[in-house]
2 protein chains.
Amino acid sequence: MQTRLPPSNLYLREEELRRGVELLYFAYRDFTGDPDNILIKQQFGRAHHRVLYFVGRNPNIPVSGLLKLLRITKQSLSRVLSQLMDEGYIVQEQGIMDRRQRLLKLTEKGIKFEAELFSSQRERIARAYKNAGPEAVSGFWEVLLNIIDGEHRDSVLKQIEK
Amino acid sequence: MQTRLPPSNLYLREEELRRGVELLYFAYRDFTGDPDNILIKQQFGRAHHRVLYFVGRNPNIPVSGLLKLLRITKQSLSRVLSQLMDEGYIVQEQGIMDRRQRLLKLTEKGIKFEAELFSSQRERIARAYKNAGPEAVSGFWEVLLNIIDGEHRDSVLKQIEK
DNA sequence: AATAATCAGTCAATATTCCTGACATAATAA
DNA sequence: TTATTATGTCAGGAATATTGACTGATTATT
């Protein structure tokens, strides 16, 4: 096994680091291409997808929570969110604990559309997981998690571990 | 070891697939943030970085080659490339085999700037590789490569394996 | 040699996404 | 009462990318 070999830092050479950069770039591009092709039909963009995705994953998230998660300005979110609400994909309810808050959740229509978008990515990810095998997948998660800023890692873990 | 455990497809459940989606999103965001902060000072954007990166990795690449690699239109490339040439980061030479071609390469100034941009990402990637270990890194590469479209995988391998 | 195709560049118009700044309203906290 | 927070909106602008149309130089085809 790799772990029984004498320690080697060959995987930390410049070529191996650049390999990570390039694989991330190309994989991310193809991976976002699937939903992009569906979104374009509804005159939506990647920003709409992100909102649908994270509202779907965090029902009743307040607007401020979504802004922190996506790290965009409320002006940027405004247009996208308004369109999604106008077209019946998302609804907001006044908060109970804090009535200033607007809690966001997907409608039935939103749930269906998000599922369609996710399914276009699911096939790609599932195929990649299957081809690479469970150990590779663990490594994939481990490296990605360590690429994320330390200060944000907790919120990501909270996001993905449920 | 994982490989001695009875076969399991738990890693192919929806939760695990969504974990991949989310880790990719957050990791890609932080990972592109490092060079973004440097680029903004020179009034450059992410598009300039991509051109600098791939010209650096493919010296004497013709314009058409860069267009194929980046999958953008020549009109999009035009503005970015003109700026990079005007400011002395990239030069072009007439092709020898085919004198219609303009072969691109980084100047000394371009090499230094690309190195600065890469170094901001190198620390992040190297730390992630080191924390995760060589086996995890292999898995990371394996999964990313399988996420890339089959039809593009060869050109990516050609790009990264040198 | 004439014609067609390719590589590169440019001009114009447009779309999308995101930004900063300023201001307003309602609700909560000090 | 005053300050702060959560949300929303208006205005203006920047960056990235698109499609379409056209030009010039060079190479390939017939």
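Naming convention: chains lettered A, B, ... in sequence-line order (proteins, then strands); numbering from 1 in each chain.
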Comparing nearest nucleotides in DNA chain C, the 5'-proximal residue of the pair G65(B), I72(A) is G65(B)
Could you grab the distance from atom CG of L52(B) to atom CD of E114(B), nearest 0.5 Å is fine?
7.0 Å
Comparing Q43(B) with K74(A), nearest DNA chain D nucleotide closer to 5' gives the residue K74(A)
Does K109(B) reach the main-chain N or O of E87(B) with its side chain, forming a donor-acceptor pair under 3.5 Å?
yes
Does R122(A) form a salt bridge (Lys or Arg N to Asp or Glu O under 4.0 Å) with E116(A)? I'd like the steps, not just the answer.
CA-CA 10 Å; R122(A) 171 168 41 213; E116(A) 183 190 351; over 6 Å; no
Between residues 85-102 of chain A and DNA chain D, which residues have a heavy-atom gap below 4.0 Å?
Q92(A), R100(A), Q101(A), R102(A)
Check whether any side-chain N or O of S82(A) sits under 3.5 Å from a backbone N or O of S78(A) as a donor-acceptor pair, and report yes or no.
yes
Co-membership, hydrophobic cluster, residues V91(B) and L84(B), 4.5 Å side-chain
no
Under the salt bridge (Lys or Arg N to Asp or Glu O under 4.0 Å) criterion, do K105(B) and E93(B) qualify, and how do the steps go?
CA-CA 8 Å; K105(B) 59 180 182 183; E93(B) 284 173 6; 3.3 Å; yes
For chain A and DNA chain C, what are the first and last nucleotides along the strand, 5' to 3', with at least one atom under 4.0 angstrom from a heavy atom of the protein chain?
dT17(C) to dT28(C)
OH of Y25(B) to CG of D30(B): how many Å apart, nearest 0.5 Å?
10.0 Å
Would you say the side-chain atoms of Q121(A) pair up with the backbone N or O of F31(A), donor to acceptor, closer than 3.5 Å?
yes
Shoot me the first and last contacting nucleotide of DNA chain D against chain A, ordered 5' to 3', at under 4.0 angstrom to non-hydrogen atoms.
dT5(D) to dC10(D)
Is the charged tip of R18(A) near the ring of F118(B): under 6.0 Å from the six-membered ring centre and within 45° of its axis?
yes
Compute the angle between the rotation axes at the two ends of the helix from dA1(C)-dT30(D) to dA30(C)-dT1(D), each taken over five pairs, rounded to 10 degrees.
30°
Quick one: side-chain hydrogen bond (donor to acceptor under 3.5 Å, both in side chains) pairs with a partner in residues 59-68 of chain A, sequence neighbours left out?
none
Could you tell me how the ring of Y89(B) sits relative to the ring of F44(B): parallel (under 30°), tilted (30 to 60°) or perpendicular (over 60°)?
perpendicular
Residue mapping more 5' on DNA chain C - nearest nucleotide basis, R50(A) or S64(B)
S64(B)
Can you say whether the rings of Y129(B) and Y11(A) are parallel (under 30°), tilted (30 to 60°) or perpendicular (over 60°)?
parallel
Going by side chain to side chain contact (heavy atoms under 4.5 Å, CB included), name the residues that satisfy it together with T32(B), two or more places apart in sequence or in a different chain.
Y28(B), D36(B), R46(B)
